[in-house]
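Numbers restart at 1 for each chain; the letters A, B, ... are given by sequence-line order, proteins then strands.
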Amino acid sequence: MMKETAESLNFIEHIIEEDLKNGFPKDKLRFRFPPEPNGYLHIGHAASICLNFGLGEKYNAPVNLRFDDTNPAKEEQEYVDAIKRDIAWLGFQWANECYSSDYFQQLYDWAIQLIKEGMAYVDQQTSEEIAAQKGTPTTAGTDSPFRNRPIEESLDLFERMKNGEFAAGSYLLRAKIDMSSPNMHMRDPILYRIVNKPHHRTGSDWCIYPMYDWAHGQSDYVEQVSHSLCTLEFKAHRELYDWYLDQIYDSSLLRPKQREFARRNLSYTVMSKRKLLELVQKNIVSGWDDPRMPTISGLRRRGYTPDSIRKFSDLAGISKRDNVTDVSLLEFCIREDLNKTATRVMGVLNPVKLVITNYPEGKSEILQMENNPEQADSGTHDVPFSRELYIEREDFKEDGGKKFFRLSLGNEVRLKSAYIIKAESVVKDESGVIQEIHCTYDPESKSGSGTEASQRKVKGTLHWVSIEHAIQAEVREYDRLFLDEAPDSHEDKGFLDFINPESLKVISNAFLEPHLANATMDDKYQFQRLGYFTLDSDSKDGKLVFNKTVGLKDTWAKQNTPPAPANQPKQNQNSSPQGQKKPLNEIQQISKKLTNFSGDKLETALSSIATLAEEISYDELEPLFNTAAKKVGTRIGVMVALRVLLEKGQEKTSAAAEFIANGKADDNEILRAEAEKIN
RNA sequence: UGGUCUAUGGUGUAACUGGCAACACGUCUGAUUUUGGUUCAGAAGAGUCUAGGUUCGAGCCCUAGUAGACCAACCA
């Protein structure tokens with residue numbers, strides 16, 4: 001009953017709700033997703049796809065897929081196909097498949113109209129000359145000498161441009177707007193350029209091609225898109241978008257509105273087609289669909305599901321600020337999905353031989369294993385069991401200690417879905433490496449038998465495979481492609497400097513239970529206790545290759561790894577997207593939290609304030625003496641900084657003396673202590 | 001030296017017309033568990049960038065700063 005009360009809206013939805021409230025007819029709502037077919041879609045595009053198509057679903061409005069194909073030099077049919085495949089795979093249906101190139105004739109006609117109205121002219125300068133006249137963001141531009149060319153002349157030249165009479169780069173059509181506009185895009189932007197390249201759809205019909213700005217808004221208008229949503233870097237284009245619409249707008253038709261949202265970034269990867277292309281071209285990855293790539297096709301190959309990506313987009317949300325979403329959110333989404341759906345199987349990646357000495361030689365039996373404990377009706381599959389098995393090398397220690405819930409000498413564990421065993425002895429080679437573990441099993445303890453022995457509590461449960469029955473396969477494990485959280489955010493280093501050399505680990509000889517011989521590309525598996533896996537497209541008959549999608553959450557591994565600096569709360573690191581702070585700001589930032597700290601944390605914070613104080617001046621600090629009484633933390637920080645300055649020889653002003661005296665009389669113990677330290 | 005935009009726990013987002021700063025991830029406990037998974041119960045973590053102002057009351061409104069992003073392709 002209590003369903004979706006007070007569901008919070010993102011700012012785009014607020015805008016739409018507002019428009020609806022102001023009388024915009026709901027049935028006129030229409031959206032579009034407008035990729036340029038010059039690369040593969042990535043998880044950032046997924047945000048836009050889910051936004052636009054999600055809005056379509058929410059308001060029952062059509063959503064067009066429109067390829068923004070105005071530059072034949074970069075665009076290819078391969079990309080069109082890949083983009084359609086990815087969107088369909090995500091589970092979205094477009095109302096119409098459109099292309100900006102569908103509107104080339106209409107765009108051309110409108111351009112002629114602009115020339116006739118004196119709003120556009122043909123220029124014939126070099127790109128250098130035009131760039132020089134354009135000015136800079138802080139200085140106005142200057143008019144082209146051809147700006148006031150007679151209309152008839154522009155009309156004639158433009159037609160001859162279209163007819164292919166001129167070389168590429170020799171002539172341009174420009175809008176006549178304002179060369180001194182503070183908005184660079186309004187300084188007589190280019191509408192058309194000559195490009196002598198065949199277009200993937202129009203072939204050689206045209207040798208002039210419209211620029212993005214001239215094509216995009218008009219395409220929205222032709223399609224009667226109500227809300228044209230794009231990323232923030234197009235904000236400055238909006239004025240031009242509106243200016244173009246002003247020139248051609250017929251008030252009986254719907255007028256599209258552009259709105260901008262922030263692109264979504266993911267930690268430990270890059271999210272620009274140019275950079276992803278570079279990874280592909282430099283063979284750092286195997287292709288656009290390399291499972292380490294943040295592309296939709298890479299994620300699909302890795303084993304991500306459409307649901308998980310849609311869920312991620314949903315959870316991450318839409319806003320207008322810079323962001324770096326933690327990849328752990330994406331991993332949460334895929335684990336949540338796969339936990340409910342993946343078939344449980346067993347595979348051993350780093351094997352050591354286990355011999356059950358009291359199990360009859362030559363005997364084997366078929367055991368039943370649950371396909372998915374999260375789904376009561378998911379059934380079981382057969383798993384062969386025998387005297388000689390493989391288990392993971394990490395699952396055995398001669399003397400494991402109290403917190404080791406696995407196999408060790410003299411201790412019992414359960415073999416998943418099989419029997420309880422006890423390790424008796426080990427066989428080592430001359431260098432001390434364990435070759436075999438010998439154990440005994442309790443024949444009464446068979447899983448599911450219901451016997452008392454089978455219900456015995458033991459220290460842990462291990463996965464295993466029967467050596468005789470196991471199939472061999474290659475398994476590929478992936479780690480983050482970059483070692484830095486935001487590899488492309490550094491001024492002094494390029495993103496390629498942060499490549500993780502160990503992002504791919506190939507296990508060429510993993511042993512898997514025979515059930516996996518029938519795996520298909522659509523199957524999703526959980527290799528128990530290891531993670532989620534899916535078949536890779538490199539698999540051939542007789543040689544299966546599995547990709548590790550993501551590991552299970554591993555609290556055991558966490559206990560054994562010293563706390564990584566990246567996981568610690570960051571007090572004063574400058575890795576945030578907002579960048580580096582000034583020393584004084586940083587002191588304020590740290591100080592705020594001072595009253596929440598104690599012990600080592602407090603000491604660390606105080607000493608980093610002292611260090612930062614070396615870099616500030618008394619003049620900067622003095623205004624903070626007036627800090628409100630309740631902001632104790634800030635006053636402590638200021639006190640520490642003041643002490644540092646005084647120790648460096650700063651004269652004690654009357655304002656400082658008063659601040660110190662007040663500190664000594666304060667209720668707060670820490671503040672009093674810091675004040676007392678000053679002589 | 002211009003214009004535009006942004007600033008809320010470690011991260012990502014909410015907070016409707018100004019009214020107890022909420023949710024998710026992550027982190028930490030505990031319970032359950034034939035996956036050190038899942039599930040369940042709980043905890044810590046925010047002076048809402050700074051300084052002023054308006055107001056009975058400000059994350060929200062006003063002023064002034066600070067920091068970051070975007071803008072000068074015949075790319076999109």
Side-chain contact check for A:Asn323: nearest option of B:rG12, B:rU34, B:rU38 is B:rG12
Heavy atoms under 4.0 Å, any strand shown: does A:Phe404 hit a base, just sugar-phosphate, or nothing? base
Quiz prompt | Inter-nucleotide C1' distance (B:rU32, B:rG9), Å rounded | solution = 30 Å
Quiz item: Between A:Glu278 and A:Lys275, is the closest basic N to carboxylate O distance under 4.0 Å?
Solution: no
Checking B:rG37, B:rG12, B:rA14 against the side chain of A:Pro373 (C-beta onward), the nearest is B:rG37
Requested in this report: Please work out if A:Ser328 contacts a base, only the sugar-phosphate, or nothing of the nucleic acid, heavy-atom cut-off 4.0 Å.
Outcome: sugar-phosphate
Say we look at B:rG37 and B:rU29: how far apart would their P atoms be, to the nearest angstrom?
12 Å
Checklist entry - Base, sugar-phosphate, or nothing for A:Leu415, non-hydrogen atoms under 4.0 angstrom? => result nothing
Applying a 4.0 Å non-hydrogen cut-off, can you work out what A:Lys403 is touching in the nucleic acid: base, sugar-phosphate, or nothing? base
A:Glu485 CD to B:rU11 P, in whole Å, measures 8 Å
Whichever of A:Glu370 and A:Ala316 has the more 5' nearest nucleotide on RNA chain B, that residue is A:Ala316
Taking only side-chain nitrogens and oxygens of A:Ser8, does any of them come within less than 4.0 Å of OP1 or OP2 of B:rA15?
no
Review point. Hey, does the Lys NZ or Arg CZ of A:Lys459 hover above the aromatic six-ring of A:Phe405, less than 6.0 Å from the centre and inside 45° of the axis?
Key: no
Which part of the nucleic acid, if any, lies within contact of A:Arg264, taking any heavy atom under 4.0 Å across all strands shown: a base, the sugar-phosphate backbone alone, or nothing?
sugar-phosphate
Next item on the list: In whole angstrom, give me the gap between the C1' atoms of B:rG3 and B:rG18.
Entry: 31 Å
Under the rule of Watson-Crick or G-U wobble with both distances under 3.5 Å, where | means paired to another strand and [ ] a crossing pair, RNA chain B maps to .((((((..((((.....[..)))).(((((.......))))).....(((((..]....))))))))))).....
Heavy-atom donor-acceptor pair, A:Asn323 side chain to A:Arg321 backbone, under 3.5 Å
yes
Atom CD of A:Glu331 and atom P of B:rG26 are separated, to the nearest Å, by 9 Å
Query raised in the report: Donor-acceptor pair under 3.5 Å: do we get one between A:Arg321's side chain and the base of B:rU8?
Result: yes
Review point. Does any N or O in the side chain of A:Thr451 come within less than 3.5 Å of the main-chain N or O of A:Ser454, such that one atom is a donor and the other an acceptor?
Key: yes
Rounded to whole Å, CD of A:Glu260 lies from P of B:rG3 at a distance of 19 Å
- For A:Gly141, answer base if it contacts any base atom (sugar-phosphate contacts may also be present), sugar-phosphate if it contacts only those atoms, and nothing otherwise; contact means non-hydrogen atoms under 4.0 Å. nothing
- Query: Do A:Ser319 and B:rU13 have a side chain to base donor-acceptor pair shorter than 3.5 Å?
  - Reply: no
Checklist entry - Under 3.5 Å, is there a donor-acceptor pair between the side chain of A:Gln526 and the main chain of A:Arg344? => result no
RNA chain B nearest-nucleotide lookup for A:Gly448 and A:Lys553: closer to the 5′ end is A:Gly448
Checking B:rG36, B:rG37, B:rG12 against the side chain of A:Thr325 (C-beta onward), the nearest is B:rG12
Looking only at atom P, what distance separates B:rU55 and B:rC62, rounded to whole Å? 16 Å
Reckon A:Thr555 has a side-chain N or O less than 4.0 Å from the OP1 or OP2 of B:rG37? yes
Per-nucleotide protein contact along nucleotides 71-76 of chain B, 5' to 3', at a 4.0 Å heavy-atom cut-off (B base, S sugar-phosphate only, - neither), is SB-BBB
Looking at A:Arg344, I'd like to know whether one of its side-chain N or O atoms comes within less than 4.0 Å of OP1 or OP2 on B:rU35.
no
Atom CG of A:Leu315 and atom C1' of B:rG12 are separated, to the nearest Å, by 9 Å
note: A:Arg187, atom CZ; B:rG2, atom P; distance rounded to Å ~ 14 Å
To the nearest angstrom, the CE-P distance between A:Met186 and B:rU4 comes to 14 Å
> Using atom C1' of each nucleotide, how far apart are B:rC5 and B:rG10 to the nearest Å?
Replying inline: 25 Å
Donor-acceptor check, side chain of A:Asn372 to backbone of A:Thr343, threshold 3.5 angstrom: yes or no?
no
- Item | Intermediate values then yes/no, side-chain hydrogen bond (donor to acceptor under 3.5 Å, both in side chains), A:Tyr121 and A:Asp188 | CA-CA 9 Å; A:Tyr121 61 96; A:Asp188 287 13; 2.6 Å; yes
- Item | Ring centroid separation A:Phe104 to A:Tyr209 under 6.0 Å | yes
Requested in this report: Using the P atom on both, measure B:rA51 against B:rU38 and round to a whole Å.
Outcome: 42 Å
**OP:** Report yes or no: does A:Arg32 contribute a side-chain atom to a donor-acceptor pair with the main-chain N or O of A:Arg66 at less than 3.5 Å?
**Re:** no
Review point. Aromatic ring centroids of A:Tyr212 and A:His216 under 6.0 Å?
Key: yes
Taking any heavy-atom pair under 4.0 Å as a contact, classify A:Lys416: base, sugar-phosphate, or nothing. base
Rounded P spacing from B:rC49 to B:rA15 in Å: 16 Å
Pick base, sugar-phosphate or nothing for A:Lys311, based on heavy-atom distances below 4.0 Å to the nucleic acid.
nothing
Report task. Tell whether A:Glu374 reaches the base of B:rG37 with its side chain through a donor-acceptor pair below 3.5 angstrom. Result -> yes
_Span that lies between the P atom of B:rG26 and that of B:rC20, in whole angstrom_ = 29 Å
Yes or no on side-chain contact (heavy atoms from CB on, under 4.5 Å) for A:His463 and A:Val348, after CA distance, side-chain angles and deciding distance? CA-CA 8 Å; A:His463 62 275; A:Val348 175; 4.1 Å; yes
- Query: Hey, does A:Phe332 reach any base, or is it just sugar-phosphate, or nothing, if we go heavy atoms under 4.0 Å?
  - Reply: sugar-phosphate
TODO: In plain terms, say whether A:Arg456 and A:Asp442 are close enough for a salt bridge, that is, a side-chain N and a carboxylate O under 4.0 Å apart.
DONE: yes
Rounded to whole Å, the OH-P distance (A:Tyr268 to B:rG12) equals 13 Å
Regarding the side chain of A:Leu329, the nearest nucleotide among B:rC25, B:rA14, B:rG36 is B:rC25
task = Assess whether one donor atom and one acceptor atom, taken from the side chain of A:Gln526 and the base of B:rU35, lie less than 3.5 Å apart.
result = yes
Does A:Arg406 make a side-chain donor-acceptor contact with the base of B:rG36, cut-off 3.5 Å? yes
What does the list of N/O pairs under 3.5 Å between the protein and nucleotides 17-23 of chain B look like, with a distance for each?
none

Do A:Glu75 and A:Asn38 have side-chain N/O donor and acceptor atoms under 3.5 Å apart? no
Taking the six-membered ring for Trp, are the ring centroids of A:Phe385 and A:Trp464 within less than 6.0 Å of each other?
yes
Evaluation steps, side-chain contact (heavy atoms from CB on, under 4.5 Å), between A:Thr549 and A:Ile334: CA-CA 8 Å; A:Thr549 307; A:Ile334 187 60; 4.0 Å; yes
Does a nitrogen or oxygen in the side chain of A:Lys320 sit under 4.0 Å from OP1 or OP2 of B:rC70?
-> no
Looking only at side chains, do A:Arg259 and A:Ser228 share a donor and an acceptor under 3.5 Å apart? no
Atom CD1 of A:Ile334 and atom P of B:rG37 are separated, to the nearest Å, by 19 Å
